[in-house]
Participant: 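For reference, the structure I am asking about is given below.
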Amino acid sequence: MKHASLTQSAAGRFGLLLLAFAVLSSAGPAEASSQGTPLAGAALKSFISGRRIYLAVPLGGEIPLTYRKNGVVDGSGESAGLGKYMTPKDQGRWWVDGNRVCQKWREWYDGRTFCFTVAQLPGNKIFWVRDDGKSGVARVR
């Protein structure tokens with residue numbers, strides 16, 4: 001039993017590192033935020049709900065995050081070949097708090113809550129800024 005929890009903890013830490021690297025690699029120019037339309041409240045919830053957000057990973061591929069209408073968020077690193085290095089899939093909760101969309105994963109990021117401001121960009125993209133200052137551009141479908 002100890003071995004399983006140690007493995008899950010190590011996978012969670014590695015998943016955190018890998019996702020942080022993916023987030024950093026997707027960062028776009030800082031001026032992208034001024035080109036977008038900031039989203040908040042009901043407009044933010046409506047925009048995110050039912051959508052899939054694609055975060056680029058450094059060695060190719062993307063990590064899709066699916067924001068279901070019922071407040072569940074699903075993530076998968078399988079298409080980017082990350083299953084060997086981290087928990088390949090995770091699920092969590094998402095919600096809107098004012099002008100931020102927040103999410104809490106079961107294992108990724110060791111279950112910590114992170115929130116993001118979001119600005120809609122042309123071409124089915126968003127510019128996001130996480131509450132710790134990390135930012136980037138992601139594809140939306």
Participant: Looking only at non-hydrogen atoms, find the nearest pair between Val129 and Ser135 and report the distance.
Facilitator: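 So the minimum-distance heavy-atom pair works out to CG2-CB, 3.9 Å.
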Participant: Listed by chain and number, what are the side chain to side chain donor-acceptor pair (under 3.5 Å) partners of Gln103, not counting sequence neighbours?
Facilitator: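 So Gln103 forms a side chain to side chain donor-acceptor pair (under 3.5 Å) with Tyr67.
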Participant: Look only at the side chain of Lys104 and the backbone of Gly111, and say whether a donor-acceptor pair between them is shorter than 3.5 Å.
Facilitator: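 Yes; at least one donor-acceptor contact below 3.5 Å.
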Participant: Does Val73 form a side chain to side chain contact (heavy atoms under 4.5 Å, CB included) with Arg93? I'd like the steps, not just the answer.
Facilitator: CA-CA 5 Å; Val73 59; Arg93 304 287 305 162; 5.9 Å; no
Participant: Under the salt bridge (Lys or Arg N to Asp or Glu O under 4.0 Å) test, which residues partner Arg139, sequence neighbours left out?
Facilitator: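 Only Glu62 meet the salt bridge (Lys or Arg N to Asp or Glu O under 4.0 Å) criterion with Arg139.
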Participant: Who passes side-chain contact (heavy atoms from CB on, under 4.5 Å) against Asn124, sequence neighbours left out?
Facilitator: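 Residues passing side-chain contact (heavy atoms from CB on, under 4.5 Å) with Asn124: none at all.
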Participant: What are the two closest non-hydrogen atoms of Trp105 and Tyr109, and how far apart are they?
Facilitator: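 Taking Trp105 first and Tyr109 second, the nearest heavy atoms are CD1-CD1, 3.8 Å.
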Participant: Who passes ring pair (Phe, Tyr, Trp, His ring centres under 6.0 Å) against Phe116, sequence neighbours left out?
Facilitator: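 Result, ring pair (Phe, Tyr, Trp, His ring centres under 6.0 Å) vs Phe116: Trp128.
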Participant: Could you pull out all residues at least two apart from Asp132 that satisfy side chain to side chain donor-acceptor pair (under 3.5 Å)?
Facilitator: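 Here the qualifying residues are Arg130.
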Participant: Which pair of non-hydrogen atoms, one from Pro64 and one from Ser76, has the smallest distance, and what is that distance?
Facilitator: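 Looks like CD-O, 3.0 Å.
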Participant: Tell me which pairs pass salt bridge (Lys or Arg N to Asp or Glu O under 4.0 Å) where either residue lies in residues 113-129, with sequence neighbours left out.
Facilitator: none
Participant: Any idea which heavy atoms bring Glu107 and Asp90 closest together, and the distance?
Facilitator: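 Residues Glu107 and Asp90, closest heavy atoms: N-OD2, 2.7 Å.
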Participant: Could I get the full list of salt bridge (Lys or Arg N to Asp or Glu O under 4.0 Å) partners for Asp131, not counting sequence neighbours?
Facilitator: none
Participant: My understanding is that only residues two or more places apart in sequence, or in another chain, count here; which of them pass side-chain contact (heavy atoms from CB on, under 4.5 Å) with Lys69?
Facilitator: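 Ser49.
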Participant: Report yes if the side chains of Ile126 and Phe47 come closer than 4.5 Å at any heavy-atom pair, otherwise no.
Facilitator: yes
Participant: Nearest heavy-atom pair of Val118 and Leu44: which atoms, and what distance?
Facilitator: CB-CD1, 3.9 Å
Participant: How would you list, by chain and number, every residue that makes a side chain to side chain donor-acceptor pair (under 3.5 Å) with Arg51, sequence neighbours excluded?
Facilitator: none
Participant: Ser46: what forms a side-chain contact (heavy atoms from CB on, under 4.5 Å) with it, not counting sequence neighbours?
Facilitator: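 Applying side-chain contact (heavy atoms from CB on, under 4.5 Å) to Ser46 gives none.
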Participant: Scan for disulfide (SG to SG under 2.5 Å) pairs involving residues 111-141, sequence neighbours excluded, and state none if there are none.
Facilitator: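 Matches after skipping sequence neighbours: Cys102-Cys115.
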Participant: Mind checking what makes side chain to side chain donor-acceptor pair (under 3.5 Å) contact with Asp74, not counting sequence neighbours?
Facilitator: Arg68, Gln91
Participant: Do you reckon Phe114 sits in the same ILVMFWY cluster as Ile63, going by side-chain contacts under 4.5 Å, direct or chained?
Facilitator: yes
Participant: Heavy atoms, side chains only, cut-off 4.5 Å: are Lys45 and Trp94 in contact?
Facilitator: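 Counting from C-beta outward, Lys45 and Trp94 do come under 4.5 Å.
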Participant: Side chains of Ile48 and Val96: does their closest heavy-atom pair fall under 4.5 Å?
Facilitator: no
